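Each remark here refers to the structure printed beneath this line.
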Amino acid sequence: MSTHDHYHPPGLQHQFEDMKQQEESVSIGMWAFLVQEIMFFGGLFTAYLVFRSRYPMAFAAGSNHLDAFWGGLNTLVLIVSSLTMALTVYYAQKGNRNMQVILIIATMFFGAVFLGVKAIEYSDKFNHGLVPVAGLNHKSKAEEPAAKEEGKTAAGEKHEPNPRGEFQWTGENYEASVKIITEAHEKKYLTKYEEVGYYSNGELDQNKVRDKVRIFYWIYFVMTGLHALHMIVGLGLMTWLLIMAWRGTYSADYYSPVEISGLYWHFVDIVWIFLFPLLYLLGRHFMHGGGH
Amino acid sequence: MAEHHDIEHTEAHKEHIGLPGYFAVFGVLVVGTILTYFVATIDLDSILFPGANTLVALLIAFTKMTCVILFFMHVYWQSKMIWLSAVAGFFWMAIMFAYTMQDYLTRVTGTFNP
């Protein structure tokens, strides 16, 4: 069949009847990928659900060390980037090259800001011995007064020496968790797993509490790390999109790559919309204005 | 002629919600985020019932997600097939949650030793 015996939009591939069918096929393909991504993150959300239902107080205590300000700021940053992405699609449909280029650069800028904030947060965890893998934390020798470099952040904050860079749950962090666990214990709010999981012979066991908080930090790092990886992939996509948009590839007749890159970017935003309340805000109402 | 008609149709179709609509959705998302942040500082667990804080946070997150999926991801204007894909993803996730939890929540302490 000749493709030149009738009017033919320039972006139409041979196998499709018309642009509408082509656009729909492209969208369905992308949605199949996104559904797979839902299942992929869904497994991690399931792990979160299982362990949080088991050790809610350890999760609340771990969550209270995360800085809800940075988490909230990053949520807003991602929402702005989602808006600029949606507007990129809008202007691609209009074939407005300059607005596409400006908005893709804006989207990339906010994506980079997100990753920058994430780096600030991760370095805080590294310095406080909260990375759940032994050896991947800041190593401080026993004789070295650790307060020298950390003392500026919070006066009177105690830091145990950490020669091997292990996961630590000590000082202020531990005391805060003791407070909420004891309170929940008195109100008989602890789950049956918590009664066994925090206490040894009726006494609160610091190592046991640490190990339960460590589960929270495992989930925090895997989920936010995987999300950050998706952001990096997204920035790669945006770079490609920027080059293509710069060349004026997209018009009202052909803008599917912009549309499906947008779907991906919004999906990553949605994952963060859930990660923010589920990781950062668990125990804030216990703190009554104190703590982080 | 028929093709031409199709193109005009998609042209009108592509408008979606337009610029004011996009900014309105953006406004809802920002308000939702700020609301999530401040509601978390109120002890709803004591005022209402245990778990109320998490429930409210998740309700806001679901509202935000629905806005993003329907308007930023254009699902509102898409075919039934895409609606089905989107809904199926969350339906299967719900099955995964439900079947996993019906196992874990009904185990006796000690089977999965803390």
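To find a chain, count down the sequence lines: A is the first, B the second, and so on, and within it residues start at 1. All values reported here derive from a predicted model rather than from experimental measurement.
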Next item on the list: Decide yes or no on side-chain contact (heavy atoms from CB on, under 4.5 Å) for A:F41 and A:H230, but give the supporting numbers first.
Entry: CA-CA 11 Å; A:F41 277 100; A:H230 276 77; 3.5 Å; yes
Check: Non-hydrogen atoms of chain A under 4.5 Å away: do they reach the side chain of B:L19, the backbone, both or neither?
Finding: both
Next item on the list: Under 4.5 Å heavy-atom distance to chain B, tell me which part of A:I270 shows up: side chain, backbone, both or neither.
Entry: side chain
Margin query: Just so I understand: if I count every heavy-atom pair under 4.5 Å between each of B:L84, B:L44, B:N53 and chain A, which residue has the most?
Written below: B:N53
Next item on the list: Taking the six-membered ring of A:Y193 (Phe, Tyr or Trp), confirm whether the NZ or CZ of A:R54 is under 6.0 Å from its centre and within 45° of its axis.
Entry: yes
Next item on the list: Identify whether NZ of Lys or CZ of Arg in A:K212 sits under 6.0 Å from the centre of the six-membered ring of A:F216 and within 45° of that ring's axis.
Entry: no
Note to self: Keeping B:Q78 on the side-chain end and B:W83 on the backbone end, is there a donor-acceptor pair under 3.5 Å?
What the structure shows: no
Next item on the list: Only counting residues at least two apart or in another chain, list the ones meeting side-chain contact (heavy atoms from CB on, under 4.5 Å) with A:P257.
Entry: A:W240, A:L241, A:Y250, A:Y254
Notebook entry, point to check: Taking every heavy-atom pair that is under 4.5 Å apart, which of B:D45, B:T100, B:I42 has the most such pairs with chain A?
Noted result: B:D45
Next item on the list: Quick one: which residue pairs count as a ring pair (Phe, Tyr, Trp, His ring centres under 6.0 Å) with a foot in residues 38-64 of chain B, not counting sequence neighbours?
Entry: A:F274-B:F62
Next item on the list: Name the region of A:E259, side chain, backbone, both or neither, that has any atom closer than 4.5 Å to a heavy atom of chain B.
Entry: side chain
Item checked: Proximal component of B:V25, with respect to chain A [non-hydrogen, under 4.5 Å] -> neither
Note to self: Quick check on A:L263 against chain B: is it the side chain, the backbone, both or neither that has a heavy atom closer than 4.5 Å?
What the structure shows: both
Notebook entry, point to check: Non-hydrogen atoms of chain A under 4.5 Å away: do they reach the side chain of B:M65, the backbone, both or neither?
Noted result: both
Note to self: Heavy-atom cut-off 4.5 Å, strictly under: side chain, backbone, both or neither for A:Y198 against chain B?
What the structure shows: neither
Margin query: Under 4.5 Å from any heavy atom of chain B, what part of A:T46 do you find: side chain, backbone, both or neither?
Written below: both
Next item on the list: Indicate the ring-plane relationship of A:W272 and A:H227, choosing parallel, tilted or perpendicular according to the 30° and 60° boundaries.
Entry: tilted
Next item on the list: Select one option (side chain, backbone, both, neither) describing which atoms of A:L34 are under 4.5 Å from chain B's heavy atoms.
Entry: side chain
